[in-house]
Protein chains: 2
Amino acid sequence: MQSILENIAKHVSLTSDEEALFLSKTETKQLKAKTILLSSGEIAYCTYFVNSGILRSFNINDNIIEHVLHFACEGWWIGDMYSYISEKPGNLFIEVLEDAEVVVISKENHQELYKEIPKLERFFRILAENSLVSHQERLMDNLSLSAEERFEKFCSKYPTLIQKIPQKQIASYIGVTPEFFSKMKARLLKK
Amino acid sequence: MQSILENIAKHVSLTSDEEALFLSKTETKQLKAKTILLSSGEIAYCTYFVNSGILRSFNINDNIIEHVLHFACEGWWIGDMYSYISEKPGNLFIEVLEDAEVVVISKENHQELYKEIPKLERFFRILAENSLVSHQERLMDNLSLSAEERFEKFCSKYPTLIQKIPQKQIASYIGVTPEFFSKMKARLLKK
DNA sequence: TGAAGCACTTAATGTAGATTAAGAAATTAT
DNA sequence: ATAATTTCTTAATCTACATTAAGTGCTTCA
């Protein structure tokens with residue numbers, strides 16, 4: 001299991017005092033599957049780093065259709081960035097898909113950490129830039145690839161996730177209905 | 001016209017010495033419409049801040065179809081973030097749509113600026129976070145809204161752009177063919 | 001243990017948007 | 001000015017995917 005300190009150490013090096021300070025401003029929580037950490041309309045006061053388990057963020061369109069923005073498993077971050085930075089109500093839900101342990105950082109503590117450990121600005125800059133790149137790629141894929149191609153990309157990018165999460169959620173991430181996804185999968189298996 | 005220093009001052013405050021240092025590491029360039037600043041397959045060694053004019057970034061699918069990732073006019077930044085941070089060949093083109101003046105920052109100078117003015121980490125973190133939020137929103141819109149709704153959002157978000165750029169480029173940004181866009185526009189005008 | 005609720009499948013039918021093609025209008029180049 | 005190129009429009013046809021509906025096999029939990 002990759003710890004949050006190891007995650008940070010990939011990009012900036014903290015002294016052990018700084019590491020201790022960082023940990024003192026965070027809280028580790030055990031979460032049961034199906035827990036909703038954030039609902040649409042709420043303000044996101046926290047961001048999460050996943051130690052183990054799986055979470056997802058999604059929105060709900062016209063009170064009916066869910067669209068998955070992001071899956072997060074071991075070593076990933078998840079949150080509602082819009083609401084977190086604007087401090088306005090967001091439209092994302094965050095849900096635990098598989099029993100999880102997460103490190104919780106509140107916005108308040110996060111700001112204090114920036115003051116006391118300016119190096120963290122660099123770490124979160126790099127985190128945001130990498131996330132931006134992968135969102136840009138996914139956006140372009142949605143504009144230019146077929147559902148089948150998007151699924152293949154998903155498989156090669158997140159090979160471990162495929163066995164673990166219900167396929168209707170993969171369908172939602174890819175951007176197709178569960179029915180079409182099922183048909184598409186059958187077609188791919190014939191090949 | 002908003003200068004790059006004013007853009008930075010929105011989020012962090014630099015001393016006048018720091019401002020002078022910043023400017024000394026940048027270069028201002030006049031660009032003619034249709035200039036290609038970056039082509040697919042090249043490494044992006046620079047990022048651009050737009051003083052005036054309009055630029056766009058796009059990719060080309062199967063050597064045929066263009067998809068617009070981003071338009072940038074006065075006060076916006078543009079570049080190929082993937083290539084810029086990974087220093088690998090990217091797949092974006094960057095093109096001048098309307099005669100422009102841009103501030104060019106090379107990756108090398110950018111890194112030196114981070115060393116000499118650590119506050120800039122904060123500025124570019126905030127820039128990346130805001131950009132991430134808007135990409136996330138666009139991604140969710142592409143998953144859940146119809147072409148017509150995406151067009152309406154585009155109009156309310158970039159009202160000034162609509163008159164200035166060829167509508168086939170708006171179609172490409174929205175994610176529809178120029179033919180369908182034309183039909184859709186005619187339908188909207190009837191209402 | 002069994003029934004209630006999900007997740008998945010299959011199939012018929014419907015539709016938003018793509019493709020193809022051709023002409024009109026606007027820009028750009030000579 | 002006029003030819004050449006590009007952009008925009010219109011219309012017919014096509015298709016990838018959505019919708020609706022019905023049935024099957026899991027899981028979950030009284």
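So you know, we letter chains A, B, ... as the sequences are listed, proteins then strands, and number each from 1. These values consider heavy atoms only, across backbone and side chains, with no hydrogens, waters or symmetry-generated copies.
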Is [X] salt-bridged to [Y], going by a charged N under 4.0 Å from an acidic O?
X	Y	result
E42(A)	K88(A)	no
E148(B)	R187(B)	yes
K25(A)	E112(A)	yes

According to salt bridge (charged side-chain N to carboxylate O under 4.0 Å, His left out), who are the partners of [X], at least two apart in sequence or on a separate chain?
X	value
K32(A)	D99(A)
E18(A)	K119(A)
E27(B)	none
E87(B)	K107(B)

Sorted by chain and number, sequence neighbours left out, side chain to side chain contact (heavy atoms under 4.5 Å, CB included) with N7(B) holds for Q2(B), K10(B), F49(B), W77(B), F123(B)
Ordered by number, residues from residues 153-164 of chain B within less than 4.0 Å of DNA chain D (heavy atoms) are none
Rounding to the nearest 10°, end axes of the helix from dT1(C)-dA30(D) to dT30(C)-dA1(D) built from five pairs each make an angle of 50°
Here the salt bridge (Lys or Arg N to Asp or Glu O under 4.0 Å) pairs for residues 130-143 of chain B, sequence neighbours left out, are E137(B)-K153(B), E137(B)-K157(B), D141(B)-K153(B)
The complete set of salt bridge (Lys or Arg N to Asp or Glu O under 4.0 Å) pairs with one or both residues in residues 169-184 of chain A, sequence neighbours excluded, reads none
Just say parallel, tilted or perpendicular for the rings of F93(A) and F58(A), cut-offs at 30° and 60°. parallel
Quick note, ring pair (Phe, Tyr, Trp, His ring centres under 6.0 Å) partners involving residues 134-154 of chain B, not counting sequence neighbours, are F151(B)-F181(B), F154(B)-Y158(B), F154(B)-Y173(B)
The first and last nucleotides of DNA chain C lying within contact of chain B, meaning any atom under 4.0 Å from one of its heavy atoms, run from dG17(C) to dA21(C)
Per-nucleotide protein contact along nucleotides 5-22 of chain D, 5' to 3', at a 4.0 Å heavy-atom cut-off (B base, S sugar-phosphate only, - neither), is --SSBB------BSBBB-
